[in-house]
Amino acid sequence: MLKSVVRAVGAAVRLSSVATSTARTLPLSCPTLCSPSLATTRPFTRSLWMLNNNGASSGYRPKLFSSKALNPSISCGCGSLHTEGDKAFGAFLSDEIKEELKIQKNNNLPKMSGGWELALNGTEAKLSRNVAGEKITVTFNVNNSIPPNFEEEAEQGQQKSEEEEVQPEIVSSPNFVVDVTKQGAKHSLVFDCHFPEDEVSHGEGEEESDIFAIREVSFQPEGDTDWKENSYTLNTDALDWALYDHLMDFLADRGVDNTFADELMALSTAVEHKEYIKFLENLHGFVKCN
């Protein structure tokens, strides 16, 4: 009797394990997850794998789930783990770097008009100029400066042909901070600015509007890079339009206008692309253990 009970329990455990294993593998065979059309419905990505339009049906992605990825290679003497997946990853990165270098418009950064001096520290950029005893400084960071680009749903169920589909251009539109400092002043007037998504461009014949906006204004200690939370901050969301217009004119008189904003986006886009290529090269070296 005891042996019968043990066999019954063992059979139940095996059946439970089979059911669990089946449940775990079902998502991988789900048509929704593995459909080649999934690549066209994902948010915009700059990945070469996506640009090639191979989708999930390409021969590359299944290798990530193969058991071979668990077998380390012993060809490298660095002592680190190397797998077939690392080899495929390195080959992919090599192709990605080549493609990004091809589309790089210019190895030199675009110039800013108006006598602005540029200083770079990694992903951080600082533009500065002096005007009649005032120092104007504009700082921005290219990290997270590319807004997500979700493809618009096809109108009334109509699908665009491959000829009509155009890969959107990547444009960096970072938040930026403008500091205006007067000689002998202990505080700077600081503007926190951004690019509203609906104001980045305007069509022909439309009245020109500001392509950037002021989010907050505050007085901050001169030369201090940290925003003091105990200083009064004026939020422009519910601000009188007359006062807001005067603030925008104040910036325009100091060279921060639509022309400056357009040039800043071009500069930021170039800096971001350089940093992206540098990241891919570092990632490739890390994966390849070079």
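What you see is a predicted model, and the numbers here were worked out from it, not measured in a lab.
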Distance-only, no hydrogens or angles: does the [X] side chain make a donor-acceptor pair with backbone N or O of [Y] under 3.5 Å?
{"X": "Asp210", "Y": "Met248", "result": "no"}
{"X": "Ser94", "Y": "Gly90", "result": "no"}
{"X": "Asp86", "Y": "Thr83", "result": "yes"}
{"X": "Ser218", "Y": "Gln220", "result": "no"}

[atom1] of [X] to [atom2] of [Y]: how many Å apart, nearest 0.5 Å?
{"X": "Glu263", "Y": "Lys111", "atom1": "CD", "atom2": "NZ", "result": "12.5 Å"}
{"X": "Ile103", "Y": "Leu101", "atom1": "CD1", "atom2": "CG", "result": "9.0 Å"}
{"X": "Ile170", "Y": "Ile146", "atom1": "CD1", "atom2": "CD1", "result": "5.0 Å"}
{"X": "Thr233", "Y": "Arg215", "atom1": "OG1", "atom2": "CZ", "result": "12.5 Å"}
{"X": "Ile277", "Y": "Glu99", "atom1": "CD1", "atom2": "CD", "result": "11.5 Å"}
{"X": "Ser173", "Y": "Glu197", "atom1": "OG", "atom2": "CD", "result": "7.5 Å"}

- Pairs flagged by salt bridge (Lys or Arg N to Asp or Glu O under 4.0 Å) wherever residues 118-134 is involved - sequence neighbours left out: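 Every salt bridge (Lys or Arg N to Asp or Glu O under 4.0 Å) pair that includes a residue of residues 118-134, provided the two are not neighbours, is Glu134-Lys182, Glu134-Arg254.
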
- Task: Have a look at Ile214 and tell me which of Asn235, Leu251, Asp192 forms a side chain to side chain contact (heavy atoms under 4.5 Å, CB included) with it.
- Result: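 Exactly one pass, corresponding to Leu251.
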
- Query: For the side chain to side chain contact (heavy atoms under 4.5 Å, CB included) test, which of Val178, Val256, Thr236 pairs with Phe191?
  - Reply: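 Exactly one option meets the side chain to side chain contact (heavy atoms under 4.5 Å, CB included) with Phe191, and it is Val178.
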
- Taking it one step at a time, do Leu239 and Leu247 satisfy side-chain contact (heavy atoms from CB on, under 4.5 Å)? CA-CA 11 Å; Leu239 192 64; Leu247 291 172; 4.0 Å; yes

Which atom of [X] lies closest to which atom of [Y], heavy atoms considered:
{"X": "Leu267", "Y": "Phe140", "value": "CD2-CZ, 4.2 Å"}
{"X": "Asn258", "Y": "Ser209", "value": "ND2-O, 2.9 Å"}
{"X": "Pro110", "Y": "Ala266", "value": "CG-O, 3.8 Å"}

- Query: Where does the angle between the aromatic ring planes of Trp241 and Tyr244 fall among parallel (under 30°), tilted (30 to 60°) and perpendicular (over 60°)?
  - Reply: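 Because their plane-to-plane angle is over 60°, the rings of Trp241 and Tyr244 count as perpendicular.
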
- Specify whether Phe212 and Phe195 have parallel, tilted or perpendicular ring planes, treating 30° as the upper limit for parallel and 60° as the lower limit for perpendicular.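 The arrangement is perpendicular - the two ring planes meet at more than 60°.
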
Under a 3.5 Å cutoff, is there a donor and acceptor pairing between the side chains of [X] and [Y]?
{"X": "Glu96", "Y": "Tyr276", "result": "yes"}
{"X": "Ser172", "Y": "Ser145", "result": "yes"}
{"X": "Asp179", "Y": "Ser188", "result": "no"}

Any side-chain heavy-atom pair of [X] and [Y] under 4.5 Å:
{"X": "Lys288", "Y": "Leu93", "value": "no"}
{"X": "Glu100", "Y": "Leu280", "value": "yes"}
{"X": "Val217", "Y": "Leu189", "value": "yes"}
{"X": "Leu264", "Y": "Phe176", "value": "yes"}
{"X": "Thr137", "Y": "Ser128", "value": "yes"}

For atom [atom1] of [X], is the number of surrounding heavy atoms from other residues, nucleotides or ligands below 6.0 Å larger than 12?
{"X": "Lys274", "atom1": "NZ", "result": "yes"}
{"X": "Asn144", "atom1": "CG", "result": "no"}
{"X": "Glu117", "atom1": "CD", "result": "no"}

- Task: Run the numbers on Val177 and Val190 for side-chain contact (heavy atoms from CB on, under 4.5 Å), then give the verdict.
- Result: CA-CA 7 Å; Val177 176; Val190 183; 3.4 Å; yes

- Item | Test side-chain contact (heavy atoms from CB on, under 4.5 Å) applied to Leu118 and Leu109, step by step | CA-CA 10 Å; Leu118 173 65; Leu109 297 176; 4.1 Å; yes

- Query: When you check the gap from the basic side-chain N to the acidic O, do Glu281 and Lys278 get nearer than 4.0 Å?
  - Reply: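 Looking at Lys278 together with Glu281, the answer is no, because their closest N to O distance does not fall below 4.0 Å.
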
